[in-house]
Amino acid sequence: MVRILVSDAMSEEGLAPLLADPTIEVVQKKVTEVEGELDTFDALLVRSATKVTEQLLQNMPNLKIVGRAGVGVDNIDVDAATRYGVVVINAPNGNTISTAEHTFAMMASLVRRIPQAHISVKSREWNRSAFVGVELFGKHLGIIGFGRIGSEVAKRARAFGMHVHVYDPFLTKARAEKIGVDVCTLDELLAQADIITVHTPLTKETKGLLGPKNLAKTKKGVYLINCARGGIIDEQALLSFLENGHVAGVALDVFEQEPPGDHPLLSFDNVIVTPHLGASTIEAQVNVATQVAEEVLKFLQGKPVTSSINLPTLSKDVYEKIQAFYTLARKMGIVASQYMSEPVQEIAITYSGSVADLETTFITRSLLAGFLKPRVASTVNEVNAAMIAKERGIAFSEKFSANGNDYNNSITLTVYGENKTFTMKGTHIAHYGDRIVHFNGFAIDFAPEGHLLYIQHHDKPGMIGKVGNILGDHQVNIATMQVGRQEAGGKAIMMLSLDKPLDDALVEILEKIDDIDVVKRLEV
Ligand SMILES: NC(=O)c1ccc[n+]([C@@H]2O[C@H](COP(=O)([O-])OP(=O)(O)OC[C@H]3O[C@@H](n4cnc5c(N)ncnc54)[C@H](O)[C@@H]3O)[C@@H](O)[C@H]2O)c1
Ligand SMILES: O=C(O)CC[C@@H](O)C(=O)O
């Protein structure tokens, strides 16, 4: 039974695909309520309240996937998850509209002082002159971060007759032109905008982006909005710009610390706040919970996920096309790693023929994971393979060739070790399966499966008989045997597939046979 911990409040309707699956047990409890059984969960679903720290990941050794029902993954230690081989997915667009609408609601409330007027009337006052606002129409709106939410805010702003200026260093000119916004530098935006709203992720580049230096470049009387992440507008700097009257008003849905407690910002009349409500609509919560539930279900069924933070994204179509090569590459990695039982510095992969046109990133990760598996004690999979290879000083590269060299497709792997270089070539043949067609300089044809025994010897009469007799005497049945040689009387190899693995003693006996140079067990 697969166990999923849902540790933050999530829409039941959205979780329905998981709740309906009889092979899955969904536990809806806080992490602190299940401390004794953390090691039993396969998946963890969170919103922003649960902090997925390295410590929590260590306490959940069985965890395979973390699903964030929302966009921001700053509550998840993605690097640690990657190291532990845990996939992190999010629900990138389920709450876009809700958050854009919330931003707009905050903007209108801010300039018309609606929260303050509301409190006043509720206090039995009727003070119309105290709440004179300004129009949005004709104002210059500066949008910092023009992704999903930023661009939805822009659409609404234009409908209100505002002039929209955008700053986003990753925005392509073509996309900006298509949407018809004025793309400018940060300094230009700061100088022109009457209202500035931030919609970037919180990164080391965006932390404190609106700090003392940049706030000083804004117009006197500017309004600021943050419905993205606390800290993009530096709260300490904001205090001084509110105190000196430079900033006319601020709307905050998010804070550096949540909840903000008794933060001095809360005592300003012209600071309006909500408790991180951008995504808090019925629609958004159903959307994000449905998105993560469906993705987690797909992942647990071995299907590709499309919204992973730490894995290459694959569509179902692409996954179906690469699946065969993904498996072949994994087996090639496992075989090569065992053959090269020494430190290696570099792995070069060449994709030839039809496979060269596919999304090979995933295939390469599969090969690396196969290669590292026999060498690494911890979990290694497509998520962390590239990172572990790098940590261990193993460089890897991909090359592509349209020509499959006698095969419709092939993957050639060259491993550069401290003392030797090893090359193998594999292909996948529909209805026939995975075949290794070149091994260590020899043309051969074997299936990379099961208990393999590689023997390198001198091409002399009787060698096959000698090996066969010894294995037979020790009750080891040979399922298949392939042979290859470079030239008559020269170096030759045998690749045997056995019904059971060989023990060390038998390997030693085979090594002692005259004219046998190498004996290697390869377990796939
Ligand atoms: N308040 C809420 O409840 C709520 C809900 C959803 C999302 N969010 C937050 O809103 C933010 C935006 O979400 P989104 O879905 O639009 O994300 P997105 O990834 O679609 O857009 C982010 C944009 O920021 C841009 N960007 C990155 N670094 C930048 C920089 N240094 N300067 C300027 N632009 C930069 C990116 O190029 C991208 O276009 C995120 O921080 C997300 O966590 C908050
Ligand atoms: O879970 C929430 O309500 C907040 C979500 C929001 O901050 C996000 O980044 O998607």
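Just follow the structure's listing: the first ligand is 1, and inside any ligand the first atom is 1.
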Is a side-chain donor-acceptor pair under 3.5 Å present for Q192 with H140? no
Under 3.5 Å, is there a donor-acceptor pair linking the side chains of N75 and S48? no
Residues L15 and A293: closest non-hydrogen pair is CA-CB, 4.2 Å
Between ligand 2 and A279, is the shortest N or O to N or O distance under 3.5 Å? no
Any N/O pair S280/ligand 2 closer than 3.5 Å: no
Going by the closest heavy atom to [atom], which one wins out of [options]?
atom                    : options              : answer
atom 41 (O) of ligand 1 : L202, T200, V71, N75 : T200
atom 29 (C) of ligand 1 : N226, I143, T206     : T206
atom 6 (C) of ligand 2  : E258, R68, M10, Q285 : R68

Just need the protein heavy atom nearest to [atom], so name the residue and atom and give the distance.
atom                    : result
atom 10 (O) of ligand 2 : V71 N, 2.5 Å
atom 28 (N) of ligand 1 : F170 CE1, 3.5 Å
atom 1 (O) of ligand 2  : R47 NE, 3.0 Å
atom 4 (C) of ligand 1  : T99 CG2, 3.7 Å
atom 18 (P) of ligand 1 : R148 NH2, 3.6 Å
atom 4 (C) of ligand 2  : H276 NE2, 3.5 Å
atom 33 (C) of ligand 1 : P169 CD, 3.2 Å

Heavy-atom side-chain proximity of L141 to V153 below 4.5 angstrom: yes
Show your reasoning for whether salt bridge (Lys or Arg N to Asp or Glu O under 4.0 Å) applies to E294 and K298. CA-CA 6 Å; E294 284 174 352; K298 275 199 269 174; over 6 Å; no
Check ligand 1 against F146 and write out every atom of the ligand that is under 4.0 Å from a heavy-atom position of the residue. 39 (O)
Ligand-residue contact atoms, ligand 1 with H199, heavy atoms, under 4.0 Å: 12 (C), 22 (C), 23 (C), 24 (O)
Have a look at ligand 2 and work out which part of T99, if any, has a heavy atom under 4.0 Å from it: side chain, backbone, both or neither. neither
Per side chain to side chain contact (heavy atoms under 4.5 Å, CB included), Q285 is matched among I282, V288, T281 by V288
Test of proximity, [X] against ligand 1: N or O pairs below 3.5 Å:
X    : answer
C227 : yes
G147 : yes
T96  : no
D253 : yes
I149 : yes

Identify whether the distance between the nearest side-chain nitrogen and carboxylate oxygen of R330 and E382 falls below 4.0 Å. yes
